[in-house]
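Below, chains carry the letters A, B, ... as their sequence lines are ordered, and counting in each starts from 1.
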Amino acid sequence: VCLNIPGFTLCLKRSVLAPVSLRPPPEKAQSALIGQCFWVFRICPPPALYGGRHTVTLIPGDGIGPELANHVCELFRFCCVPVDFEVVNVDSSMDSEEDINNAIMAIRRNGVALKGNIETNHNLPPSYKSRNNLLRTTLDLYANVMHCQSLPGVRTRHRNIDVMIIRENTEGEYSSLEHESVPGVVECLKIITKTKSLRIADYAFRTARAKGRGRVTAVHKANIMKLGDGLFLECCKEVASGYPDITFDSMIVDNTTMQLVSRPQQFDVMVMPNLYGNVVSNVCAGLVGGPGLVPGANYGEDYAVFETGTRNTGKSIANQNTANPTAMLLASCLLLDHLRLHAYARMIRRAILSTVTETRLHTADLGGQGSTSEVVRSVMKAVQSTGPLTLSI
Amino acid sequence: MAGKAWRSSILNLLRQWGLSLNGKDKIKAQEVSRVVGALKKEAPQPRTFMRGIQTVTLIPGDGIGPEISTAVMEIFDAAKAPIQWEERNVTAIQGPGGKWMIPPDAKESMDRNKIGLKGPLKTPIAAGHPSMNLLLRKTFDLYANVRPCVSIEGYKTPYTDVDLVTIRENTEGEYSGIEHLIVDGVVQSIKLITEQASQRIAEYAFEYARNNQRASVTAVHKANIMRMSDGLFLRKCREAAEKHKDVKFTEMYLDTVCLNMVQDPTQFDVLVMPNLYGDILSDLCAGLIGGLGVTPSGNIGANGVAIFESVHGTAPDIAGKDMANPTALLLSAVMMLRHMGLHGHAKKIETACFDIIRDKKVLTKDLGGNSKCSEFTKAICQRVRDLD
């Protein structure tokens, strides 16, 4: 029995009519309830509309981030999208966490954000935490969703790829818990919890059902990390039993990467812990044409943050007008979908996809010589051509 | 010919001591040490016998193991390689104190011969003992796993011109096996990175690059997130790079490597990394060239021990049916020959194998043909004899 109340999803094996709280019940009740109902996870509601306009936090980031953020603002202004951006700059060279805390506060206020990648200098001591990671864990953006699709105009070695990667975003290897107990010996902790694994598995199956996808594959390394990934796999199996219409299987991560480079068409939806998600999402992004094409979304219970799928700063091509804006523009479309501005999202997405098919406009990462501004202008032209013509730009 | 062996061993000794002949530090192509592997800790014994037969421990393994081992022995016979095989079986036995170990005769043979060739071993589930591969690794302290991935001309994959080597730390990292259940529902898995192991693998990677004329070494890490552990690994790699200035050193994030690997694998040369990333990346590279059925692999240990193996499974469904593909074990055996310095024989066998695959007349089922294993072997033997 599956109850779908707007904003909530509640799946019950037997009809349990007692009210279920939104937070996971305490330990004792947990085992009693497990066989009878699943966790209730809120679907993130879209933020409020004030005066008909949304306010969205914009974090430009480093590298190519600022120029792409500008292009997004330009495009939205051109298309008359009812979104106002609140720009929060995060200076990655600063030691204090004031900047990132301001950004987090802004996202809490607005509920939704569009973000560029903030650089982390890995030569700094461990007290300087990765700003991106800090943002994700503080806001509890537990699901990172990346939809990799082969685009018609882009030439790649593999065709017809359509994989949705759902990656646990807050725990696993990215807990940043390290210590040097004995000089010369460093221990890094990888934490896997039942709650978060259940949560991400539920998210994966819900999304698969909502998008009409038939198969979910869990990627793990439970033959070696028997307790950790074993727990993750168990949680996935448990959640899978509540979705009998969706096929569930599992695959070990090294076999997964091997299969991805030989036959990526066999995968549908994939769910995995943090580090494997990093590897698999980058492999898939490479397979469909590179980091410039795939958008990514981070969803939490209360907030949503959109960014490029592979989270690159693009330091080496910053301010040269050669970056591929497609990923960031598609991320802004995901943002519009989240804000329920579907008409705008459809219009811009159609324009972007028609631009990507034009080989003459391909940027350097796709093997062409186009510039960022040319691509954006072409998108704007395409948007204009679908509406009533006024003046040409 | 004995004079040349002496000369190269003297040069090795001098290089170890940081001295050089004629003030030239650069190693000339013809004077390259023929022994691939870490020479640092032991005296340079001329393991390269120009005359004389070298004995190698052969572990056939399970499933298709025996058939492919026989195939390799036949081909080596046809090539007249100066190798004598000593067959041993490894099954886990419980020693005094309840500790699982490999049979003493296998251990004694490996310790004596130092070089081993291993077929696939099966790990029975719930057998009570750890996997055989893990036991071997622990017994001989096999700290480096080397997997050269070179595109095979006759076996088409979407990726051509792949030519890279993955060197993976084999003993610690995420696979230390230390896991705890903290409270019900929370599991902690410990990733261990030690200075000593990182230094060892970094040194080995640069030695390998130097001995095999490789231009660059790339360290793969995730130090932006795992600052202390991968930071330590990176520091050791940088230190080793300082000592080997003739090899170019770069560092790259794991996700960037994955992204670039599937778009353009030609930009990579030698990759060195900790255990987990190595596992994933080496299998990724194997997938680029055609899968585990054609990928060689070698494990280098302390004290000069080296075990070369095929990394595919035991394939129990085709065991005994003469359908197996011996390419992986054969290419590992070729790697072994190069390690021992028998480059001529190695080149001959490798060329014969690639020629047969390129001709596409006699291929086993997994390579796209429908010949038997024995026919494939015979074809390679014939080609080896023709190349003489």
Side-chain angles (χ1 to χ4, degrees), chain A residues 27 30 120-126 128-130 133 156-158 173-174 176 178-180 183-195 221 224-231 253-255 257-262 275-276 278-283 285-287 289-291 310-312, chain B residues 123 131 157-159 174-196 221-234 251 253-264 276-277 279-288 290-292:
Chain A
E27 290 302 309
Q30 190 178 326
T120 310
N121 183 357
H122 59 264
N123 296 315
L124 291 173
Y128 179 93
K129 296 197 161 49
S130 157
N133 205 21
T156 51
R157 291 183 174 91
H158 306 270
E173 297 82 350
Y174 286 36
S176 299
E178 297 177 298
H179 53 267
E180 190 164 359
V185 177
V186 175
E187 286 186 348
C188 176
L189 305 180
K190 162 180 164 162
I191 312 282
I192 303 269
T193 53
K194 191 170 190 158
T195 337
K221 190 91 188 153
I224 306 282
M225 288 184 256
K226 298 185 170 73
L227 284 185
D229 286 352
L231 176 60
V253 62
D254 37 5
N255 191 18
T257 47
M258 226 184 321
Q259 297 293 327
L260 275 171
V261 290
S262 40
L275 184 68
Y276 312 144
N278 191 0
V279 172
V280 170
S281 56
N282 276 277
V283 170
L287 291 174
T310 48
R311 302 172 177 169
N312 302 100
Chain B
T123 303
S131 89
T157 56
Y159 299 89
E174 294 82 348
Y175 293 2
S176 47
I178 311 171
E179 292 186 293
H180 312 116
L181 184 70
I182 315 268
V183 285
D184 194 23
V186 179
V187 173
Q188 153 189 308
S189 183
I190 295 189
K191 161 178 165 164
L192 204 65
I193 300 274
T194 54
E195 198 172 320
Q196 190 213 15
H221 64 98
K222 254 220 91 58
N224 51 348
I225 304 288
M226 290 180 260
R227 199 70 54 76
M228 277 173 88
S229 30
D230 282 353
L232 173 60
F233 178 79
L234 260 188
E251 9 183 287
Y253 287 135
L254 172 66
D255 37 1
T256 317
V257 171
C258 288
L259 194 57
N260 293 341
M261 181 75 77
V262 291
Q263 293 185 279
D264 181 23
L276 177 68
Y277 314 150
D279 195 5
I280 302 176
L281 270 180
S282 57
D283 278 359
L284 179 66
C285 299
L288 295 177
L292 296 178

Interatomic distance, S281(A) atom OG to R311(A) atom CZ [nearest 0.5 angstrom]:
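The CZ atom of R311(A) is 7.5 Å from OG of S281(A), to the nearest 0.5 Å.
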Minimum side-chain heavy-atom gap [X]-[Y] below 4.5 Å:
| X | Y | answer |
| --- | --- | --- |
| C258(B) | L281(B) | yes |
| M225(A) | Y175(B) | yes |
| K190(A) | K191(B) | no |
| V257(B) | Y277(B) | no |

Interchain contact, [X] with chain B, by part (heavy-atom threshold 4.5 Å):
| X | answer |
| --- | --- |
| Q259(A) | neither |
| N121(A) | backbone |
| K226(A) | both |
| Y128(A) | both |
| L275(A) | side chain |
| H158(A) | side chain |
| I192(A) | both |

Side chain / backbone / both / neither for [X] at chain A, heavy atoms under 4.5 Å:
| X | answer |
| --- | --- |
| T157(B) | neither |
| Y159(B) | both |
| I225(B) | both |
| H180(B) | backbone |
| L234(B) | side chain |
| E251(B) | side chain |

Please determine, among [options], the option with the most heavy-atom pairs under 4.5 Å with chain B.
| options | value |
| --- | --- |
| N255(A), T193(A), N133(A), N282(A) | N282(A) |
| G286(A), P291(A), P126(A), C188(A) | C188(A) |
| I224(A), N278(A), L287(A), T120(A) | N278(A) |
| L260(A), T156(A), L227(A) | L227(A) |

Sequence neighbours left out, what passes side-chain contact (heavy atoms from CB on, under 4.5 Å) with L292(B)? Give chain and number order.
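Scan of L292(B) (side-chain contact (heavy atoms from CB on, under 4.5 Å), adjacent residues dropped) gives M258(A), R147(B), D283(B), A286(B), V311(B), H312(B).
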Kindly give the heavy-atom pair with the smallest separation between E178(A) and M226(B), and that separation in Å.
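Heavy-atom minimum between the residues: OE2-C, 3.3 Å.
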Q263(B) to G289(A) - nearest heavy-atom pair and separation
NE2-O, 3.4 Å
Looking at [options], which has the largest count of heavy-atom pairs under 4.5 Å with chain A?
| options | answer |
| --- | --- |
| E195(B), M228(B), Q188(B) | M228(B) |
| D255(B), V186(B), I193(B), I280(B) | D255(B) |
| N224(B), L259(B), N260(B), V262(B) | L259(B) |

When you check the gap from the basic side-chain N to the acidic O, do D184(B) and K194(A) get nearer than 4.0 Å?
no
Evaluate side-chain contact (heavy atoms from CB on, under 4.5 Å) for E173(A) paired with E174(B), printing each intermediate quantity in order.
CA-CA 10 Å; E173(A) 297 82 350; E174(B) 294 82 348; 5.8 Å; no
With T194(B) via side-chain hydrogen bond (donor to acceptor under 3.5 Å, both in side chains) - residues at least two apart:
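Expected list: E172(B).
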Okay, side chain of R227(B), backbone of L124(A): is any donor-acceptor separation there less than 3.5 Å?
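Answer holds: yes.
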